[in-house]
2 protein chains.
Amino acid sequence: MTEPSTQPRPTLEAVAARAGVSRATVSRVVNGGEGVREPLVERVRRAVDELGYVPNQAARSLVTRRHDAVAVVIAEPETRVFADPFFALQLRGISKELTAHDSQLVLLLTEGRDDHARVARYLAGGHVDGALVFSLHLDDPLPRLIHGVPTVYGGRPGWSDGSRGVVYVDCDNRGGAREAVRHLVGLGRTRVAHITGPLDQTSAVDRLDGFRDVMVDVDPRLIVESDFTPGGGEDAMRELLDRCPDVDAVFAANDLTAVGAMRVLREQGRRVPEDVAVIGFDDMLPFTEQADPPLTTVRQDIEEMGRLMARLLLRGLERGAAAGVPASVVLPTTLVRRVSA
Amino acid sequence: MTEPSTQPRPTLEAVAARAGVSRATVSRVVNGGEGVREPLVERVRRAVDELGYVPNQAARSLVTRRHDAVAVVIAEPETRVFADPFFALQLRGISKELTAHDSQLVLLLTEGRDDHARVARYLAGGHVDGALVFSLHLDDPLPRLIHGVPTVYGGRPGWSDGSRGVVYVDCDNRGGAREAVRHLVGLGRTRVAHITGPLDQTSAVDRLDGFRDVMVDVDPRLIVESDFTPGGGEDAMRELLDRCPDVDAVFAANDLTAVGAMRVLREQGRRVPEDVAVIGFDDMLPFTEQADPPLTTVRQDIEEMGRLMARLLLRGLERGAAAGVPASVVLPTTLVRRVSA
DNA sequence: AAGCAAGAAGGGAGCGCTCTCAGCAATGGG
DNA sequence: CCCATTGCTGAGAGCGCTCCCTTCTTGCTT
């Protein structure tokens, strides 16, 4: 482990002395060089290079009250966060956008239920310019705690209906679900089942609503609640086959669930898609492509959602408080036909 | 998006005034309360609560030169990072440990090859107290760039042999591989193949070395280079069956590769483990448990590795530069027997 | 050639905090 | 009873930077 370099880093003052100008001029050059004449700019630039000057962010923040940093809060309880690459992809999108704006990404993972206070305190502490918050459950106490911090939510928060000022980025869960189910119906399937996600999350609720939009008056036994995991998908599928042996299509609330469901179908000798057609949601590569059989699914552009969240937040940060807040964005989904349906 | 709260946050000064003490006393209380008499401590605490005072980290850092923040640098080129939950798990481990020490996690993802300079500049800029760096490839230029920043590496860096002062956390890749291969041999298998990872990573190299330790004088056609992905595992397995139809065991460099290999084996009508035994590496749940058949593999405690990296870094940070650097840690692995071998 | 405006550079205050050091109170020993 | 000693508390400097405001150029106009 390299030791912290012992020699003190050069300050603005040092650069100014070397370039033979004032601190203020160096500051101007470092921050874009507006209103400084060319020869001086050049001289200062050289001094900066020679000394290896890097601005002290703490000192800068102290006066500007900007931090060029954004917190990403992932409030997912426990393991699910990391069972699927969902957050990883969003993080990459966010990272790209933030990097382009010279902002840093401070990652806040909540560790269990009582950890909200810590996160709230951090956000309130003015360490970051804003926050991107994920995976809120319907009863999540976090939003109330982070009052005063510009925030964009990932996925529609459960309480957002009608709340002005709440900005979120989501995909068209309901529309995507409708398209999937219509596709199944178009295939001539009549006993179409739905394995839901955890219904304390709006994405799961919205997908269920989309299912219902098409399958009005559906046999309630064809709807089984599950939890977005492969194991949950297996259990749900077993229960489904038990209740309704005549099921001929399944719309699973996400790909992992669909994969679990397909495994059970195979176990029990049902062919996919001949006997039972299956559609997932997310298009989580490479799982969908390499599933057996390759999974038909509803694609959402996860990385783009991340990028968009960051962009919305940064835009909201740029313009003054008076300029009004950006509107939420709902991204379209596309049905990707493979083999399973 | 909630607007930034317009009212200025209370300062130490304000708390001091309210409590009727000096700034210095409030500072002492806020930082642990050493050497302040009880009644005053109490009064200050109350004032802090009433005002909702939160210290300004920028001001604090400016004078202490500590940031209570650690950078996590993930230098993985492109997509692989997020195809598997590896980093996610490490991140969780790191996050837990940092949280326990009131440190923040600043995530730096490099975007492509030319991005190193940006990361290096950030680290050199003294925004963080130290860095945790992942996924170095043999030719990675990053280490040379981040001189002067206390760093712990995730995984043995390729150039670390003999370099004093390089601290890393890794699992016993070589020993784990040996155990896996010995197990296959103990099963009576004689044509044991190895599908490697990308050989510009030490983990892949070490696992290959472990394989060779046991299989001295192995038929070179039984070693196929691959890339840690399921698709790569498929290709490698196909090639392997082509070259050596008599292969009766496969040690895959990681679980994803093993899953791909098993898929091809099934396709081609070979039974696992009867005809060909398969062992993976990582024990990446839930993939290994739910693979078909459940995968025998070498488990490494990924989250623990992350936690350990953070702990090592923080410990090195605590004691002064003179105290000597912590030693690298190599965690043991364990063979987890399931069905595939 | 003198006066003036506009633009460029410098001086200096101050962001909120920590930390050293001086001051003062309380305690105990001579 | 006084002084040394210890232990709290307060005053003040200063971390490195930005930004306001003043001063000095510079280039025009008249």
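Just so it is clear, the values below take in all heavy atoms, side chains as well, and ignore hydrogens, waters and symmetry mates. By convention in this document, chain letters (A, B, ...) are assigned in the order of the sequence lines, proteins followed by strands, and residues within each chain are numbered from 1.
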Practice item. Could you run through nucleotides 17-23 of chain C and give me one letter per nucleotide, 5' to 3': B if any protein heavy atom sits under 4.0 Å from the base, S if only the sugar-phosphate is that close, - if neither? Key: BBB----
Donor-acceptor contacts under 3.5 Å from residues 303-313 of chain A side chains, at least two apart:
residue  : atom : partner  : partner atom : Å
A:Glu303 : OE2  : A:Lys96  : NZ           : 2.7
A:Glu303 : OE2  : A:Arg307 : NH2          : 3.0
A:Glu304 : OE1  : A:Arg307 : NH1          : 2.8
A:Arg311 : NE   : A:Glu97  : OE2          : 3.2
A:Arg311 : NH2  : A:Glu97  : OE1          : 3.4

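Using modelled atom types, no side-chain atom of B:Ser103 and backbone atom of B:Leu98 make a donor-acceptor pair closer than 3.5 Å.
Every residue was checked against the ring-ring contact (aromatic ring centres under 6.0 Å, His included) condition with A:His67, not counting sequence neighbours, and none meets it. B:Arg23 meets the salt bridge (charged side-chain N to carboxylate O under 4.0 Å, His left out) test with B:Glu13; sequence neighbours excluded. In this structure B:Ser22 satisfies the side chain to side chain donor-acceptor pair (under 3.5 Å) test together with B:Thr25, sequence neighbours excluded. Partners of A:Gln57 according to the side chain to side chain donor-acceptor pair (under 3.5 Å) rule, which considers only residues two or more places apart in sequence or in another chain, are A:Ser61. Judged as a salt bridge (charged side-chain N to carboxylate O under 4.0 Å, His left out), and not counting sequence neighbours, the contacts of B:Arg66 are B:Asp68, B:Asp129. Scored by the side-chain contact (heavy atoms from CB on, under 4.5 Å) test, A:Ala17 finds no partners at all (sequence neighbours excluded).
Side-chain contact between A:Val54 and B:Tyr122: absent, with no pair of heavy atoms (C-beta onward) separated by less than 4.5 Å.
For DNA chain C, the residues of residues 35-51 of chain A within the heavy-atom distance limit of 4.0 Å (strictly under) are A:Gly35, A:Val36, A:Arg37, A:Leu40, sorted by number.
When DNA chain D is scanned 5' to 3' for any atom under 4.0 Å from a heavy atom of chain A, the first and last hits are D:dG16 to D:dC19.
Interatomic distance, OG1 of A:Thr64 versus CG of A:Asn31, reported as 9.0 Å (0.5 Å rounding).
Counting only residues at least two apart or on different chains, the side chain to side chain donor-acceptor pair (under 3.5 Å) pairs with a member in residues 40-50 of chain A are A:Arg18-A:Glu50.
Bending across the helix from C:dA1-D:dT30 to C:dG30-D:dC1, expressed as the angle between its end axes from five pairs apiece, amounts to 50° (10° rounding).
Evaluated for a side-chain contact (heavy atoms from CB on, under 4.5 Å) with A:Leu105, the options A:Thr99, A:Val70, A:Leu132, A:Ile94 yield exactly one hit, A:Ile94.
For C:dA9, the OP1/OP2 oxygens have no side-chain nitrogen or oxygen of A:Thr25 closer than 4.0 Å.
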